[in-house]
Structure formats: C-alpha cells, structure tokens
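First comes the structure, then the notes that go with it.
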Amino acid sequence: MLGRRALNRALLERQLLLRRWQLPAADAIERLVGMQAQVPDSPYAGLWTRLDGFRPDDLARLITGRQAVRAPLMRTTLHLVTARDCLALRPVVQPVLERALRTGSPFGRRIAGVDTEALLAAGRALLEEQPRTTAALGKLLHAQWPDRDPAALAHAVRYLVPLVQVPPRGIWGASAQATWTTAESWLGRPLASGTTPDGLVMRYLAAFGPATINDVQTWSWLTRLREVVERLRPRLRTFRDEAGNELFALPDAPRPDPDTPAPPRFLPEYDNLLLSHADRTRVIADEHRGRVFTRGSLLVDGFARGTWKLTRHRETATLTVEPFKRLPGSVAAAVTGEGARLLTFAAGDAHAREIHFAPPG
C-alpha cells in the first residue's frame with residue numbers, strides 16, 4: 001500500500017521536482033511526455049523550475065529549429081513536445097480529437113453532410129501552401145463551402161489534420177497570432193504508423209505513476225485502456241492506494257522515501273503535474289483544485305499550497321504569492337528565496353523586483 005505522501009514523492013521525482021536536474025531541455029520534455037502549452041510562456045517556467053541552468057533560449061532554439069513543436073495532443077490540449085514525439089503521439093491520440101470534434105464541440109454538427117475527405121484535403125493544401133490563422137483558413141474554406149460556417153470548417157481541419165503552431169508563437173518574449181501548418185510539412189517527415197497505445201501508457205506511468213487505469217484515461221482521454229493495461233500487466237508492478245485502488249508502475253521506477261524533503265517550487269499555469277490524475281490528492285487537496293489553473297501554483301512540501309502571479313508595471317516586476325493558509329516563517333523564507341530566483345529568470349531586465357505575500361485565503 002502506498003500512502004498519499006509516498007505517491008506524492010514518487011510523482012515529484014518522476015516530474016523532476018525534488019531537485020533541479022542537469023538535462024537538455026529536449027530530454028526533459030520527452031521525459032515529461034510533453035508540457036501543456038496553451039499559455040505560450042508556461043513551458044519556459046515549467047522547465048526553469050525543473051532544470052539546473054535553464055535559459056529561455058534553450059527552448060526557443062528548439063522551436064525555431066523545428067526540434068520541438070506546439071500541437072494539439074492529449075485531451076485535445078495544446079502541448080509542447082519534441083518533433084519525434086509529435087510524429088509518434090499524434091496517431092495514437094487521433095481518436096481523442098475525432099471524438100472531440102463529433103461530440104465535444106459544436107463544430108461537428110455544423111459540418112454534417114460535408115464531404116470530410118474533400119474538406120481535409122482542401123484544408124491541408126491551404127495550410128501547406130503557407131501557415132494560416134484559423135480565421136484565415138475558415139474564410140478560404142468558406143469560399144468552397146459557402147453554405148457552411150467558416151469557423152466550423154476551419155476547426156474540423158484543426159481537429160482532424162495533424163497540425164502544429166509555427167513560431168514566433170511560443171517564443172519567449174515574442175508575440176504573434178496562433179498560425180498553423182501541418183506537422184508533416186513543418187517537420188519534413190511522415191507521422192508514425194503505429195496507433196496502439198501501449199507505449200504511451202508505459203510512458204505515462206514513467207512520468208506520472210504509480211497510477212490507476214482511470215488516471216491514465218484522465219490524462220490522455222483515451223478510452224478502453226483496461227485491456228491495454230491487462231496486456232501490459234506482466235511488465236508492470238502493482239500497488240494499492242489508501243482507498244484500495246489498484247496502482248500500476250514500472251518495476252524500476254523510483255519511489256523515494258515519503259519523508260524526502262521537497263523544496264518550494266513555482267509551477268506555471270496548467271502544469272500537467274496538477275492535471276494528470278483522476279485522484280489529484282497526491283499533489284493538491286480537492287477544495288483547492290479550482291484555484292490553481294488560471295494562475296501559477298506554489299508547491300510547499302510537495303503539495304499545492306498557494307498560487308502566484310507575476311506582473312510588470314513600468315520598470316518594476318512584482319511576484320504576488322497567495323498562500324491558501326499562513327506559511328510558517330521558515331517556509332515563507334524559503335518561498336521568498338525561490339521567488340527571487342523566479343523573478344531573476346522571468347524579469348531579469350526589470351530595474352526593480354518585488355515579492356508580495358497576499359493574505360491567505
């Protein structure tokens with residue numbers, strides 16, 4: 001049986017959060033099986049808090065060099081992944097995006113009766129001619145299907161054709177509209193042919209385990225994974241959590257002592273650490289779940305204990321920390337030290353940098 005703290009420390013170790021690691025950014029991204037990236041700068045903060053000596057250019061070079069891309073993948077959410085993982089993972093999660101278009105969005109109903117094959121071929125050709133925004137793509141497709149909603153036409157292509165966002169979107173310090181092209185044209189290679197989820201499940205367990213089948217499905221939105229896990233069972237080790245749920249793990253994956261120290265960590269918005277389990281109490285209390293996703297999260301002793309936000313006003317950068325409960329003096333001092341390092345990383349050009357603790361609440 002693994003208690004909550006044992007699961008917490010195992011997760012933090014897999015997520016590179018018990019200490020800063022000396023890893024190339026690409027290796028870390030693959031180890032994490034991608035990083036949520038709908039907020040363009042979030043992966044930069046996420047890598048900074050995990051890697052020793054990380055600098056924004058380390059990731060920016062990967063993106064401009066087409067070694068890393070931002071693409072819709074798990075949960076249909078925009079993820080930063082390496083080029084290799086984009087080509088390998090997209091065929092596996094394709095059913096998730098197809099299902100989301102048909103049943104999870106209004107767009108599927110609006111293209112009912114449209115020749116989908118013709119629509120996707122037209123969309124692919126337009127995006128490979130040159131990268132385009134969703135609005136521009138919809139306008140061009142509407143010229144061919146004038147009786148259909150332009151947004152629905154464009155979003156059908158976005159869901160069903162493997163696409164990537166192109167820079168300067170996603171480059172630290174840059175600002176640009178989300179502009180899309182196909183993954184294959186951008187990367188100059190075809191998608192992988194394999195669609196079985198076995199490898200993806202194993203990688204999830206390496207990055208987020210020990211975990212239940214429901215946890216894997218929550219992270220990926222893939223369904224019917226019980227038969228996959230049963231097929232993999234001979235290669236896995238099993239545990240139970242305090243509620244009696246069966247947990248699966250890789251046999252050689254680390255499980256640190258539950259009393260292993262966990263230093264304060266500032267996580268960006270939507271960090272996968274907080275989103276990738278059905279039962280998230282291994283890292284955040286249920287009553288706090290709704291408070292952390294539109295702001296950064298503060299980990300204290302390995303658990304989400306507050307939120308943070310960085311603002312700029314003229315030449316001053318201010319880090320505002322809002323703990324859920326009052327922090328003891330020694331803990332507040334450690335958080336202040338880590339916050340000062342965050343300010344140096346994210347706002348090193350500011351003439352003045354301040355840390356403010358809001359009242360707990």
Within the structure provided, determine whether Thr196 and Val92 are in side-chain contact (heavy-atom separation under 4.5 Å).
no
Could you check whether the rings of Phe107 and His155 sit parallel, tilted or perpendicular, using 30° and 60° as the cut-offs?
parallel
Quick one: do Val321 and Phe266 satisfy side-chain contact (heavy atoms from CB on, under 4.5 Å)? Show the steps, please.
CA-CA 10 Å; Val321 179; Phe266 287 88; 4.1 Å; yes
Any link between Leu11 and Val201 through a network of hydrophobic side chains (Ile, Leu, Val, Met, Phe, Trp, Tyr) touching at under 4.5 Å?
yes
Run the salt bridge (charged side-chain N to carboxylate O under 4.0 Å, His left out) check on Arg124 and Glu184 step by step: do they pass?
CA-CA 10 Å; Arg124 181 184 289 274; Glu184 292 159 297; 3.0 Å; yes
Donor-acceptor check, side chain of Thr260 to backbone of Pro256, threshold 3.5 angstrom: yes or no?
no
Walk me through it: do Arg70 and His79 pass the test side-chain contact (heavy atoms from CB on, under 4.5 Å)?
CA-CA 5 Å; Arg70 302 166 74 247; His79 276 73; over 6 Å; no
Taking it one step at a time, do Arg265 and Glu338 satisfy salt bridge (charged side-chain N to carboxylate O under 4.0 Å, His left out)?
CA-CA 7 Å; Arg265 289 289 183 258; Glu338 185 69 2; 3.6 Å; yes
Donor-acceptor contact present, side-chain Arg158 to main-chain Leu163, <3.5 Å
no
Name all residues meeting the salt bridge (charged side-chain N to carboxylate O under 4.0 Å, His left out) criterion together with Arg9; count only those two or more places apart in sequence or in a different chain, and write none if there are none.
Asp301
Under 3.5 Å, is there a donor-acceptor pair between the side chain of Arg132 and the main chain of Leu126?
yes
Is the Trp172 to Tyr44 ring centre distance short of 6.0 Å?
yes
Can a donor-acceptor pair be found, under 3.5 Å and without considering hydrogens, that links the side chain of Thr316 to the backbone of Arg312?
no
Please assess Asp257 against Arg5 for the test salt bridge (charged side-chain N to carboxylate O under 4.0 Å, His left out), listing each intermediate value before the final yes or no.
CA-CA 9 Å; Asp257 188 288; Arg5 287 185 65 87; over 6 Å; no
side-chain contact (heavy atoms from CB on, under 4.5 Å) evaluation trace for Phe303 with Leu12
CA-CA 10 Å; Phe303 294 87; Leu12 294 180; over 6 Å; no
Could you tell me whether a side-chain N or O of Arg50 sits under 3.5 Å from a main-chain N or O of Gln15, the two making a donor and an acceptor?
yes
Using ring centroids (six-membered ring only for Trp), state whether Trp308 and Phe357 fall under 6.0 Å.
no
Determine whether Arg233 and Glu246 satisfy the following criterion, salt bridge (charged side-chain N to carboxylate O under 4.0 Å, His left out), listing intermediate values before the conclusion.
CA-CA 12 Å; Arg233 184 182 286 273; Glu246 188 174 30; 2.9 Å; yes
When the ring planes of Tyr204 and His277 are compared, do they come out parallel, tilted or perpendicular, using 30° and 60° as the limits?
tilted
